[in-house]
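Here the structure is a predicted model, which is why all the values come from computation and not from measurement.
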Amino acid sequence: MKRDFLSLWDVNADELNHLLDLAGRLKAEWAAGTLRPVLQQKTLGMIFSKPSTRTRVSFEAAMHRLGGNCTFMSVQDTQISRAEPLSDTARVLSRYIHALVVRTYAQEEVETLAQYASIPVINGLTDLYHPCQVLSDLLTIREKRGSLDGMVVAWIGDGNNMAHSWINASARLGFRLNIACPEGYWPSARVIERARTEGAAPIRLFDDPRQAVEEADVINTDVWASMGQESEAATRRALFQPFQVNRELLRYAPSHAMVLHCLPAHRGEEITEEVLEGPQSVVFDQAENRLHAQAALLYWLLVETTA
């Protein structure tokens, strides 16, 4: 049966844990030289409206490691840029390739492509969600901490697509999530309400980041102005300054707390150089795990769910 991965709502808790187990297994097999090319003669398509380093390269590398091929399409190089309906694009590409990663602005675009495609569609980032990143973040935390059970995650900064995917993860897995944002920059009330209604998520909102990190096992942040918000950057820098992840903030957190950032980072804005390069930072292990988590996702979508 064809499955899509448009948000973490597309998997249940057992499936999410299975993906993390699978990522760990594939990572170990790659290191041991025993990874099998299970995706030979499979092609992954990628349609991107936004710039990318980690998403594009990690998906390409994961696909190649599993024996498959990739074809990359900037939106400007496709007929989408000339107003071809997404429904037509989805049905045509379904006859050429085996899965599609989409990185765009509107969540509705990936949902439309998934509706009309007969192949798996993966959300490589939208303005609403970034589920692939949080999948790799969970893998990183589990590797470092040993388990996700009973953990407390603090999200500091903008209530953006990353915050929304962390809210979904909390709903699915039941860990405690503390969110600290400036007034007016909270995550979507609709996203929070669904998590509280359909999941077991103990989500708490704070206007003081020091309170949010007090019991945190994980401290997570992201840029203050995402792609498409460049005109707001100066205003946001002034408003978000008290929410910087710095050495002073870490004094309020447990000494074992690890620091995550999905990158790219604006050093000296949302996070200081000292913290990003410090002993509590796991951001480069986190970045590497994009590859392993996405290899697991591709394996699951193209091998296991189609068996």
Side-chain angles (χ1 to χ4, degrees), residues 1-11 15 19 22-23 26 36-136 161 165 168 227-228 290-307:
M1 180 183 72
K2 177 244 204 211
R3 296 285 298 270
D4 300 306
F5 191 70
L6 309 184
S7 78
L8 290 172
W9 286 118
D10 288 326
V11 292
E15 290 169 333
L19 282 169
L22 182 57
L26 296 179
R36 294 179 297 118
V38 293
L39 298 185
Q40 279 185 328
Q41 300 184 340
K42 301 285 188 183
T43 299
L44 175 69
M46 296 185 289
I47 298 179
F48 283 31
S49 300
K50 292 185 173 187
S52 173
T53 298
R54 279 151 291 277
T55 299
R56 176 178 176 176
V57 177
S58 58
F59 266 113
E60 288 181 341
M63 196 66 183
H64 287 305
R65 285 188 178 189
L66 291 170
N69 301 296
C70 297
T71 182
F72 177 81
M73 298 162 278
S74 169
V75 164
Q76 290 73 24
D77 298 329
T78 72
Q79 294 298 333
I80 295 172
S81 66
R82 300 177 63 206
E84 180 176 51
L86 293 173
S87 57
D88 290 359
T89 299
R91 286 177 287 187
V92 169
L93 290 179
S94 294
R95 301 188 179 213
Y96 298 158
I97 60 178
H98 300 89
L100 179 65
V101 179
V102 184
R103 184 177 175 92
T104 188
Y105 291 89
Q107 180 73 13
E108 292 78 11
E109 293 180 15
V110 296
E111 291 172 354
T112 298
L113 287 163
Q115 177 185 351
Y116 286 93
S118 57
I119 57 174
V121 175
I122 299 168
N123 178 358
L125 176 143
T126 66
D127 287 349
L128 186 63
Y129 294 125
H130 196 0
C132 291
Q133 178 64 59
V134 174
L135 187 64
S136 68
N161 52 0
S165 286
N168 293 352
M227 286 178 281
R290 287 294 302 274
L291 188 158
H292 307 299
Q294 286 158 193
L297 184 60
L298 293 168
Y299 187 103
W300 183 66
L301 290 170
L302 293 176
V303 177
E304 294 187 340
T305 64
T306 60

List the atom of Ala90, the atom of Ala117, and the distance in Å for their closest heavy-atom pair. CB-N, 3.7 Å

Taking C-beta and beyond as the side chain, do Lys42 and Leu298 meet within less than 4.5 Å on heavy atoms? no

Sub-4.5 Å side-chain heavy-atom contact between Asn168 and Tyr129: yes

Stepwise, does the side chain to side chain contact (heavy atoms under 4.5 Å, CB included) test hold for Ile119 with Lys2? CA-CA 6 Å; Ile119 57 174; Lys2 177 244 204 211; 5.7 Å; no

To the nearest 0.5 Å, atom CG of Leu86 lies from atom CG of Leu113 at 4.5 Å

Taking Leu125's backbone N and O only, do any of them form a donor-acceptor pair with Asn123's side chain (distance below 3.5 Å, no angle check)? yes

Step by step, would you call Arg3 with Glu15 a salt bridge (Lys or Arg N to Asp or Glu O under 4.0 Å)? CA-CA 12 Å; Arg3 296 285 298 270; Glu15 290 169 333; 3.0 Å; yes

Contact between Gln133 and Asn161 at the side-chain level, heavy atoms closer than 4.5 Å - yes or no? no

Mind checking the CG-OG1 spacing from Leu100 to Thr43? Nearest 0.5 Å is all I need. 12.0 Å

Main-chain N/O of Ser7 paired with Asp10 side-chain donor or acceptor, under 3.5 Å: yes

Please determine whether side chain to side chain contact (heavy atoms under 4.5 Å, CB included) holds for the pair Thr126 and Thr104, giving the CA-CA distance in whole Å, both sets of side-chain angles, and the decisive distance to 0.1 Å. CA-CA 5 Å; Thr126 66; Thr104 188; 4.1 Å; yes

Within a 6.0 Å radius of atom CD on Gln76, are there more than 12 heavy atoms belonging to other residues, nucleotides or ligands? yes

Using atom types as modelled and distance alone, determine if a side-chain donor or acceptor of Asp4 lies under 3.5 Å from a backbone N or O of Val121. yes

Gap separating the OG atom of Ser136 from the CG atom of Leu297, nearest 0.5 angstrom: 11.0 Å

May I have the step-by-step check of side chain to side chain contact (heavy atoms under 4.5 Å, CB included) for Leu8 and Phe5, ending in yes or no? CA-CA 7 Å; Leu8 290 172; Phe5 191 70; 3.7 Å; yes

Do the non-hydrogen side-chain atoms of His98 and Leu302 ever get within less than 4.5 Å of each other? yes

Tell me the closest heavy-atom pair linking Thr112 and Ser87, and the distance in Å. CG2-N, 4.4 Å

Going from CD on Glu109 to CD1 on Ile47, what distance comes out if it is rounded to the nearest 0.5 angstrom? 10.0 Å

Any cation-pi pair here, Arg56 with Phe72, using under 6.0 Å and within 45°? yes

I need the Leu39 CG to His64 NE2 distance, nearest 0.5 Å. 11.5 Å

Between His292 (side chain) and Ala296 (backbone), is there a donor-acceptor pair under 3.5 Å? no

Measuring from atom OG1 of Thr55 to atom CD1 of Ile122, what distance do you get when rounded to the nearest 0.5 angstrom? 11.0 Å

Quick one, Phe48 with Met46, criterion side chain to side chain contact (heavy atoms under 4.5 Å, CB included). Give me CA distance, side-chain angles, the key distance, then yes/no. CA-CA 6 Å; Phe48 283 31; Met46 296 185 289; 3.7 Å; yes

Could you tell me whether the side chain of Asp77 and the main chain of Met73 form a donor-acceptor pair under 3.5 Å? no

Between Gln294 and Ser58: side-chain donor-acceptor atoms closer than 3.5 Å: yes

Residue from Ser49, Cys132, Pro51, Ser52 passing side chain to side chain contact (heavy atoms under 4.5 Å, CB included) with Arg103: Ser52

Just wondering, more than 12 heavy atoms not from Arg36 lying within 6.0 Å of its CZ? no

